[in-house]
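This is the structure I want to talk about, given as structure tokens.
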Amino acid sequence: MSSKKTAVFVRDLVPGVPQTIETGCEFVFIERARELTIVADSNRMTGRRSGDNLRFDQPVKAVTIESTIEQRVELVLGFGDFNRLIIEGRLVLDDRIETNRVGNDRMPVEFTKTFGLVTASGLSYIDDALLAQTATYDASVYGFSRAFFEWDYKIYLVLESEIRVYDYAGTLLDTLPLVGSLDDIMGGDVDPQTGNAFIVNRNGISRVNLYTGEVFAEYASSNFYTKVGLGARMVGRELVFNDYQEDSGYARNQRLFRYNVDTNQLTTQVLGDCDDGYKQNLSYDPERGELLQSASGSIAYYAYDHNSGTYLGARYSAVTHGGGYFIRKKNVHVISVNNRLNVHVIDAISYAARLYIQDGQDVASRREYNVTGNYSFTNRGTGVVIRGNVVSAILQGLDVGGGLSENYLDYVQSLKYTDGYYSLLRDAGSASFAYRGYDDVGELLLESEATIKLLPQYLTAHI
């Protein structure tokens, strides 16, 4: 391969919507695409795919691309010569899985789980419906419920002398005494990589081992204002929290703190302008990449870019944001109400049924979950068959990515399961289900095992 000047362009295309690349070139090499139309001046070429090298009679100033399918394309534009051999036949093992939009160079990850039916009765909620609440406790002994977060499918509440673990039905699952104590807790979150919680109080930051309950002083500070905002959220490797200084009953001089849990460094940032108001609570929306400030009991919250701190404007929701955090993909919001936690629905939702997931026949690992979608149920032998979007039902149970993505079939490479009559295998080979054009229609026997292979991106919270 040789060239005078080249540049690589990656674009996400939706069917029938052209995109123009404003770059001059003599050729277009298609690194990754299919069913692609390329238009440049009077040149129009359709049905192009990976490996095609298109050269124009004379240089063009721009190239327009259009697709008949939803996909992520990768093109090389430039001047001079460009040649690359792409062999379509799989002569050797290729660890690249072809997808429409995801893009991946790593092999899928395999999960085998047992799925069963709890109830086939549907369930509907309006927005801001109260799903559950925890029992109250003596706040004069344990402190208020200000540091809470999700970890391992459960809600962890860190109090001054113990950790309480709840499920989303508000049931107390476990209590872990702290080895050490915490005072004036104002917020905290978990580092999922280490299993440590980082808790903010008025005088610094403590690290809590969620396995042993041990408390370690990590960062001491006398630089906080007299009031520290409620709530702290992990954003990447940083614990983000805020404080403020009151002036005539209003919050002024609001600051954002970023504590790097790896380097033990704390940086301060002044938040961008918004109207003056008492907005002490802090949450984080990972799907939108926004930090959210709100007043207790308010349905309005104020969004900031999580990198720059730039004020993005007011947002409104049916859910109040008093000392709360939410998971949009799961459609739940958890808020602190002095000495208890409330679990709310964000948007109105209808569930088709309730299933359970577990490891083999290990009932102790069983976890129940609701599924959304159109499903029907019929008796078959000693079990019940769920008919409909079975991949969706399985992924909602795995819940490893924080919720179901709209293009979830682009993360699935293989599914092995039974319909009660036969053991079935749907395998997309070196591609995703979406790339192969597989739909999500099938029948899954409950109870039975299912083995699914997912692209590694599904293991993150980005979807």
Side-chain angles (χ1 to χ4, degrees), residues 130-151 154-190 196-233 239 241-246 249-251 257 278-283 293-298 319-326 333-344:
L130 180 63
L131 290 177
Q133 61 182 212
T134 65
T136 58
Y137 53 87
D138 187 348
S140 65
V141 176
Y142 296 104
F144 290 111
S145 49
R146 291 169 174 166
F148 54 97
F149 43 81
E150 186 199 47
W151 189 47
K154 305 176 188 71
I155 302 172
Y156 279 67
L157 171 62
V158 182
L159 300 171
E160 292 182 354
S161 59
E162 65 185 32
I163 299 172
R164 298 188 176 189
V165 185
Y166 299 92
D167 62 17
Y168 276 88
T171 304
L172 180 64
L173 303 176
D174 193 17
T175 300
L176 177 66
L178 291 180
V179 182
S181 62
L182 297 166
D183 297 318
D184 295 323
I185 297 174
M186 305 311 297
D189 203 355
V190 63
N196 288 315
F198 289 87
I199 309 301
V200 181
N201 57 44
R202 299 191 195 282
N203 299 310
I205 301 169
S206 298
R207 174 172 56 90
V208 179
N209 187 310
L210 295 180
Y211 297 102
T212 65
E214 294 176 283
V215 178
F216 305 90
E218 289 290 301
Y219 191 96
S221 176
S222 59
N223 190 39
F224 295 160
Y225 287 146
T226 55
K227 289 186 177 293
V228 177
L230 303 179
R233 296 274 74 91
L239 182 74
F241 58 97
N242 66 307
D243 72 354
Y244 59 92
Q245 190 173 41
E246 281 191 343
Y250 291 94
F257 289 90
Y278 186 66
K279 297 176 289 298
Q280 76 274 36
N281 302 315
L282 184 73
S283 294
Q293 276 198 309
S294 64
S296 294
S298 172
V319 185
T320 59
H321 293 267
Y325 79 103
F326 60 87
H333 185 107
V334 183
I335 65 173
S336 164
V337 184
N338 293 327
N339 58 344
R340 73 169 188 267
L341 299 179
N342 284 356
V343 183
H344 292 258

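Fair warning: this is a prediction, and the values are worked out from it, not measured in the lab.
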For the residue pair H333 and V343, establish whether any side-chain heavy-atom pair is separated by less than 4.5 Å.
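No, too far: nothing below the 4.5 Å cut-off.
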
Within the distance-only criterion (no hydrogens, no angle test), does the side chain of N209 pair as donor or acceptor with the backbone N or O of N196 below 3.5 angstrom?
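No, the answer is negative, given that no donor and acceptor are paired below the 3.5 Å cut-off.
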
Contact between I163 and L210 at the side-chain level, heavy atoms closer than 4.5 Å - yes or no?
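Side chain of I163 against side chain of L210, heavy atoms only: contact under 4.5 Å found.
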
Measuring from S140:OG to E160:CD, what's the distance to the nearest 0.5 Å?
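With rounding to 0.5 Å, OG (S140) is 10.0 Å from CD (E160).
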
Could you grab the distance from atom CG of D138 to atom CG of N339, nearest 0.5 Å is fine?
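Between atom CG of D138 and atom CG of N339 there are 8.0 Å.
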
Nearest-0.5 Å distance that lies between atom OH in Y166 and atom OG1 in T134
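One finds 4.5 Å between OH of Y166 and OG1 of T134.
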
Looking at CZ of R207 and CD of E218, how far apart are the two atoms once the value is rounded to the nearest 0.5 Å?
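R207 CZ to E218 CD: 4.5 Å, rounded to 0.5 Å.
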
Between CD of Q133 and CD1 of I335, what distance do you get to the nearest 0.5 Å?
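The distance works out to 10.0 Å.
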
Might you work through the ring-ring contact (aromatic ring centres under 6.0 Å, His included) test for Y211 and W151, ending with a clear yes or no?
CA-CA 12 Å; Y211 297 102; W151 189 47; 5.6 Å; yes

Locate the shortest heavy-atom distance separating Y142 from L159; write the atom from each residue and the value.
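That would be O-CB, 3.4 Å.
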
What distance separates I205 CD1 from F198 CZ, expressed to the nearest 0.5 Å?
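With rounding to 0.5 Å, CD1 (I205) is 8.5 Å from CZ (F198).
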
Please give me the minimum heavy-atom distance between E150 and V190, naming the atom from each residue.
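It is O-CG1, 3.6 Å.
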
Which atoms form the tightest heavy-atom contact between L341 and S336, and what is the distance?
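Closest heavy-atom pair between L341 and S336: CD2-CA, 4.1 Å.
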
Provide the closest heavy-atom pair for F148 versus V334 in the form atom of the first, atom of the second, distance.
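The answer is CE1-O, 3.6 Å.
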
Scan V158, I155, L157 and name whichever one has a side-chain contact (heavy atoms from CB on, under 4.5 Å) with F149.
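It is V158; the other options fail the test.
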
Which heavy-atom pair separates Y137 from R340 by the least distance, and what is that distance?
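So the two residues come closest at CE2-N, 4.1 Å.
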
Donor-acceptor list for residues 174-189 side chains, cut-off 3.5 Å, not counting sequence neighbours:
from : atom 1 : to   : atom 2 : distance (Å)
D189 : OD2    : R233 : NE     : 3.2
D189 : OD2    : M234 : N      : 2.7

Say whether, by atom type as modelled, one donor and one acceptor occur between the side chain of D167 and the main chain of T171 under 3.5 angstrom.
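Yes.
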
